[in-house]
Trainee: 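Here it is: the structure, laid out below.
Predicted model, so just to flag it, every value in this text is computed and none were measured. Numbers here are sequence positions counted from 1.
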Amino acid sequence: ISIGCLASGYLPQTLSIKWNAGAIQDGIMNFPPISNGDLYTSSSQLTISASDWKNKPYSCTVTSPSFFLNVPHRRPPSPAPHACVNLVSVTPLSPGPIPIFPLAPSVSASLDLLVNKIAPLTCLASNLPSSTGYKFTWLQEGGGNLPFTTEDPTLNENGTYSVASVCSTTIDAWDKGTKYTCTLTYTGITSPFIKIISKGTEDNMSPPIVALFPPTSEEESSKEYVTYTCMASNFYPIDIYIGWSQDNQEIHKSLYVNSDPTWEVENASYFIVSKLKVPYEDWKENKAVSCVVGHKALPLHFIQRTIDKTTGKPTKTFVNIYMSDSNLSCP
């Protein structure tokens, strides 16, 4: 799960963003400042596990020569349509420019991209002086206006508002590089704010190599629970889905744990590990389990490996996946 801290409309350019007052050092990606006229915008992204997201508090601390802010990250009451990317917006100065941030579809954040062939596009506006008076429109290149939904505005710590607008397109149109234009108009501001979203060229794409490992002999001896391990390696770009199924039914994500994707310098690629714990009786009764991995560099976008007690060796299948919507939301 990724959460973000966004600082916009500040001066001077020098600024520091820390997570939990600097106690967290791993899983952080800080982006360089972007100039918006005379002011600057910076952001930081923190990747955490689903269990940590449920059980631990998070805050970002923003400091510069001219201000200090500590902002707690609050879990939304329900998942946003664009799922796991949750943003905390910090605007230290008085309302000024309204920055617009386009958010592209994410495989790990929304299975719609691979399963239902739907690509959700998001336009996030920050530093709005009021919770009313704004209007979004979406335009598809060569296709006219698009339907969309606009979320309720979120109150920022400095009294301004952030709001996101989401539209959906087909994965075929997205993959072809079709351009989508998000336009925001605001009462009292003459010129509209415009952002264009399109899929960039993916160079050096690499499909994951998937390995599925049986439980250890020590676990079998305990006769309580056994653990299956699924590892996907050598993939690029980072965006990946990994889950489990049994008897052609999804296994709920609360029953398994996925690591964060880790960069391997020597291979110039990522790897990820998922662990599923099941009762020993399921293993004893030879119930097969499958590890399902989704990545856009794979044939059919999915690969499935299956293992049971009798064979002890996984089988590989490229599959078309049709999953229910019940487990697609983020924790």
Trainee: How long is the straight-line distance from CD1 of I194 back to SG of C123, given to the nearest 0.5 Å?
Mentor: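 Output value for this atom pair is 10.5 Å.
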Trainee: Please name all residues satisfying side chain to side chain contact (heavy atoms under 4.5 Å, CB included) with T169, sequence neighbours left out, ordered by chain then number.
Mentor: A119, L121, Q140, A173, W174, Y180
Trainee: Can you tell me if S206 uses its side chain to pair, donor with acceptor, with the backbone of N234 under 3.5 Å?
Mentor: yes
Trainee: Side chains of W244 and S290: is there a donor and an acceptor less than 3.5 Å apart?
Mentor: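 Side chains of W244 and S290: no pair found under 3.5 Å.
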Trainee: Flag yes if V257 and I48 sit in one hydrophobic cluster, no otherwise; membership is Ile, Leu, Val, Met, Phe, Trp, Tyr, and two members link when side-chain heavy atoms are under 4.5 Å apart.
Mentor: no
Trainee: Applying side chain to side chain contact (heavy atoms under 4.5 Å, CB included) to I307 and L212, what does each step give before you reach the verdict?
Mentor: CA-CA 7 Å; I307 193 172; L212 180 55; 3.5 Å; yes
Trainee: Would you say the side chain of L146 lies within less than 4.5 Å of the side chain of F148, judging by non-hydrogen atoms?
Mentor: no
Trainee: Which residues satisfy the side-chain hydrogen bond (donor to acceptor under 3.5 Å, both in side chains) test with K275, sequence neighbours excluded?
Mentor: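 With sequence neighbours excluded, K275 shows a side-chain hydrogen bond (donor to acceptor under 3.5 Å, both in side chains) to T229, given in chain and number order.
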Trainee: Please tell me whether S165 and E151 have a donor and an acceptor in their side chains that are separated by less than 3.5 angstrom.
Mentor: no
Trainee: Applying side-chain hydrogen bond (donor to acceptor under 3.5 Å, both in side chains), can you list everything that pairs with T150, at least two apart in sequence or on another chain?
Mentor: none
Trainee: Rounded to the nearest 0.5 Å, what separation is found between the CZ atom of F136 and the OG1 atom of T183?
Mentor: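 Reported value, rounded in 0.5 Å steps: 10.0 Å.
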Trainee: Looking only at non-hydrogen atoms, find the nearest pair between I3 and Y58 and report the distance.
Mentor: CD1-CB, 4.0 Å
Trainee: If hydrophobic clusters are built by linking Ile, Leu, Val, Met, Phe, Trp and Tyr wherever their side-chain heavy atoms come under 4.5 Å apart, do V265 and I209 end up in the same one?
Mentor: no
Trainee: What closest approach, in Å, do A125 and L184 show between heavy atoms, and which atom pair accounts for it?
Mentor: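 Result for this residue pair: CB-CD2, 3.7 Å.
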Trainee: Test side chain to side chain contact (heavy atoms under 4.5 Å, CB included) on F271 and S259; report intermediate values, then the result.
Mentor: CA-CA 9 Å; F271 75 89; S259 70; 5.7 Å; no
Trainee: Under 3.5 Å, side chain of H295 to main-chain N/O of P237, donor-acceptor pair present?
Mentor: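 Side chain of H295 to backbone of P237, a donor-acceptor pair under 3.5 Å: yes, one is there.
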Trainee: Does T187 reach the main-chain N or O of G133 with its side chain, forming a donor-acceptor pair under 3.5 Å?
Mentor: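 Flag set: sc T187 to bb G133 pair under 3.5 Å.
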Trainee: What's the verdict on side chain to side chain contact (heavy atoms under 4.5 Å, CB included) for Y225 and V278, showing C-alpha distance, side-chain angles and the deciding distance?
Mentor: CA-CA 6 Å; Y225 288 91; V278 300; 5.9 Å; no
Trainee: Show, in sequence, the C-alpha distance, side-chain angles and deciding distance for I240 and V293, and conclude whether the side chain to side chain contact (heavy atoms under 4.5 Å, CB included) test is met.
Mentor: CA-CA 7 Å; I240 194 169; V293 176; 3.8 Å; yes
Trainee: Please check if L139 and V166 belong to a single hydrophobic cluster, counting links between Ile, Leu, Val, Met, Phe, Trp and Tyr side chain heavy atoms closer than 4.5 Å.
Mentor: no
Trainee: Output all residues satisfying side-chain hydrogen bond (donor to acceptor under 3.5 Å, both in side chains) with T47, sequence neighbours left out; order by chain, then residue number.
Mentor: S2
Trainee: Once rounded to the nearest 0.5 Å, what's the spacing between atom CD1 of I17 and atom OG of S43?
Mentor: 6.5 Å
Trainee: Do W263 and Y236 have side chains that get closer than 4.5 Å, going by heavy atoms?
Mentor: yes
Trainee: What's the separation between atom CD1 in I242 and atom CE in M231, rounded to the nearest 0.5 Å?
Mentor: 10.0 Å
Trainee: Rounded at 0.5 Å granularity, tell me how far CH2 in W138 sits from CG in N145.
Mentor: 12.5 Å
Trainee: If hydrophobic clusters are built from ILVMFWY residues whose side chains come within less than 4.5 Å, do Y280 and L255 share one?
Mentor: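 Cluster IDs for Y280 and L255 match.
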Trainee: Under the side chain to side chain contact (heavy atoms under 4.5 Å, CB included) test, which residues partner Q246, sequence neighbours left out?
Mentor: I251, D282, K287, V289
Trainee: So which atom in N127 and which in N156 form the shortest heavy-atom distance, rounded to 0.1 Å?
Mentor: N-ND2, 4.3 Å
Trainee: Rounded to the nearest 0.5 Å, what's the gap from OG on S131 to CG on L155? Could you check?
Mentor: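 Those atoms lie 8.5 Å apart.
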Trainee: Decide yes or no for T227 and E219: does some side-chain heavy atom of the first lie under 4.5 Å from some side-chain heavy atom of the second?
Mentor: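 A side-chain contact under 4.5 Å exists here.
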Trainee: Measuring only between side-chain heavy atoms, which start at C-beta, is Y161 closer than 4.5 Å to P129?
Mentor: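 They are not in contact (no side-chain heavy atoms under 4.5 Å apart), so the answer is no.
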Trainee: Between the side chain of N30 and the main-chain N/O of S44, is any donor-acceptor distance below 3.5 Å?
Mentor: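 No, because the side chain of N30 does not come within donor-acceptor range (under 3.5 Å) of the backbone of S44.
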Trainee: Which pair of non-hydrogen atoms, one from S245 and one from Q304, has the smallest distance, and what is that distance?
Mentor: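 Shortest heavy-atom separation between S245 and Q304 comes out as OG-OE1, 4.4 Å.
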Trainee: For residues G4 and W19, report the shortest heavy-atom separation together with the two atoms involved.
Mentor: C-CH2, 3.7 Å
Trainee: Disulfide bond (SG atoms under 2.5 Å apart): which pairs involve residues 130-168, sequence neighbours left out?
Mentor: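 Not a single pair qualifies under disulfide bond (SG atoms under 2.5 Å apart).
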Trainee: Do Y256 and C230 make a side-chain contact, defined as non-hydrogen atoms from C-beta onward lying under 4.5 Å apart?
Mentor: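 No. Closest side-chain heavy atoms not under 4.5 Å.
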Trainee: Indicate the atoms forming the closest heavy-atom contact of V226 with P279, along with that distance.
Mentor: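 Heavy atoms of V226 and P279 come nearest at CG2-O, 4.5 Å.
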